[in-house]
Amino acid sequence: MSFLDAFWAESMKVRHAVIFWISLAAACIFPILFALIAAGTIGTNMPVPVESNLTWFTAQLELLIAVGGLIGFGFVFSWIFGREYSDGTVTDLLALPVSREHIVSAKLAVGAVWCGMLAVLVYGVGCLVIKLLHLDGVNLGAVVHSFWKYGFNTLMVISLSVPAAFIASIGRGYLSPLGFVILTIVIAQLSSIFGVDIYFPWAIPGLFSGAAGEATFAKLGMFNLILPFLMGLVGSVAVLIWWRYADHT
Amino acid sequence: MVAIQTTNLTKDFNGVRAVNDLSLSIETGEIYGFIGLNGAGKTTTIRMLLGMCRPTGGRAYVLGKRIKTGCHHLWSDVGYIVEAPHSYPELTVWENLKLFHRLRGIEDKGRLDEVVARLRLGPYVHRKAAHLSLGNLQRLGLAKALMHGPRILILDEPTNGLDPAGMIEIRKLLKELALKGVTVFLSSHLLGEVAKLATRIGIVHEGRLIEELDSESLDQRVRKRLVLKTRNNARALSVLEEAGIKVKPDQKILSICDEHVILKPETAVRHLVSAGLPPIHVEVETEDLETYFVRIVSRGKGK
């Protein structure tokens, strides 16, 4: 029961936070913009080629999750853990008849659900708008078919955002994990320059989205695709160990 | 029964000893005042008692059970406030309480109403914690600490931010709880407040427990003096000295530290009246806890 109680408590904190509702609103803006660009309503002078079809549109959503998601989801985990330190409420969670493992697991689960909601909202709103704009190739079958790759990318990005929870805990706030998120994005860019991007976990979602071209996408094997999930696992274990064993001063 | 016990509790932070060989034994129903300067090791001790910090050496027990990592079942009998009361600012008072009601697994739904009434939080239940005054945040913190009917209360500065009426109210509440068998361990910098509340006081300095005294022995250990004022202090001084009473003249008063005279002030008064110098002010002044504390700490006495 205590995990469910902790999950209920964490979701209550999130539901009452303004930042949660802002994030949902922000998640609606980007797919609408992409849909309007795809339909040629706005952005007609863009330097990149725009195709008015579902394939181009879903590729943009994947890229949005791969790069924007790293920032957005990283912020979600940074906030869920970091706010306890910034608001000084962490001490209230450390000596409860609920194990700290349940509290941390509940936080991670709520973070994952929040990120999942954002991803589904981005995709759902995007598809709804392109349907209303009568874009080429938009039908339920095609939309569902495109979703698996988008969904897999979302899961990778969520996993890669989990270490931000650990950084927020050791950094006692949400500034250091945000710095960490930006650093991973910078290193992902650099790894691309040095040709080692397929081994850098935070670069994998971008490559998987096809942003670096089909050739790089083809290079991604099982090992490379497991790396983001491995980071999620390492981040989860690290934050669990930290909350259980570290001195909370 | 011993409610809280520490044996040779020690904590080092990067080579700096924050708590040094601290041994405490607090009985059920006691109100133990833990006082010390900033950085003396009070909060570190409290954190170790709550399992938030692992001791470098020694052991701590709550209700006979050793505090160690993962002993979360222990905390169903403990309520606490560490350093300052914090609450989730975006949640209302009621939601903050409901959250901990659920996390503590309290089945009695009426407990929330009871604790709200007890801490006089009724008018604020629908107010967000972000908009509460420090005093009401303190009440909310106390409500969270009390809602599950704990057998032990560990409170860091429990009256901080409260107005004088609130302080009296909380003092009364803690005394009532102690009478019902709740053990209260409180740290405070408001030493006068501790003196009014605690049944036993521990003075900690540089991580060491340098003095431990109950409220009765505090009365014996504090310095007292007999203060006299006459219309002619210079003459009164010579009268008392002729009578063999050692007097310390001050600008406007005569101060006597002789224990026998303090116990029987009429001795000195009789001499003055006989000499035609009836005192216009007679008072036995008692050193307050603040002064006693500063004297003990500055002496740097080791136990």
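Within every chain, numbering begins at 1; the chains are lettered A, B, ... in the order of the sequence lines, protein sequences first and strands thereafter. As the structure is a prediction and not an experimental result, all values here were calculated from the model.
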Greater than 12 external heavy atoms within 6.0 Å of [X]'s [atom1]:
X      : atom1 : value
B:Y80  : OH    : yes
A:F30  : CZ    : no
A:K149 : NZ    : yes
A:F152 : CZ    : yes
B:R111 : CZ    : yes

Which of [options] touches chain A most, by non-hydrogen pairs under 4.5 Å:
options                     : answer
B:P89, B:C71, B:G105        : B:P89
B:E83, B:M48, B:M52         : B:M52
B:G79, B:C53, B:A145, B:G51 : B:C53

(Q) Checking the side chain of A:Y245 only, and the main-chain atoms of B:T69 only, is there a donor and an acceptor separated by less than 3.5 Å? (A) no
Q: Look only at the side chain of B:Y88 and the backbone of A:H16, and say whether a donor-acceptor pair between them is shorter than 3.5 Å.
A: no
Q) Where do B:L103 and A:L93 land on the side chain to side chain contact (heavy atoms under 4.5 Å, CB included) test, with the steps shown first? A) CA-CA 9 Å; B:L103 281 174; A:L93 299 176; 4.1 Å; yes
Q: Please look at A:R100 and chain B and tell me whether the side chain, the backbone, both or neither of the residue comes under 4.5 angstrom of a heavy atom of that chain.
A: side chain
Q | Structural part of A:E84 lying under 4.5 Å from a heavy atom of chain B | A | side chain
State the [atom1]-[atom2] distance between [X] and [Y], to the nearest 0.5 angstrom.
X     : Y      : atom1 : atom2 : result
A:L4  : B:R102 : CG    : CZ    : 7.5 Å
B:R47 : A:D247 : CZ    : CG    : 10.0 Å
A:S2  : B:R104 : OG    : CZ    : 13.5 Å

If you tally heavy-atom pairs under 4.5 Å against chain B, which of [options] wins?
options                       : answer
A:I103, A:T91, A:L94          : A:T91
A:L96, A:T249, A:D87          : A:L96
A:R244, A:E101, A:H102, A:M12 : A:R244

Q | Shortest non-hydrogen contact from B:K144 toward A:D92 | A | NZ-OD2, 2.7 Å
Contact part of [X] toward chain A, heavy-atom cut-off under 4.5 Å: side chain, backbone, both or neither?
X      : answer
B:L99  : both
B:S87  : backbone
B:K128 : neither
B:E95  : both

Q: Quick one: do B:E90 and A:R83 satisfy salt bridge (Lys or Arg N to Asp or Glu O under 4.0 Å)? Show the steps, please.
A: CA-CA 12 Å; B:E90 70 277 9; A:R83 65 83 47 93; 2.8 Å; yes
Q) Hey, does A:V98 have a side-chain heavy atom less than 4.5 Å from the side chain of B:H72? A) no
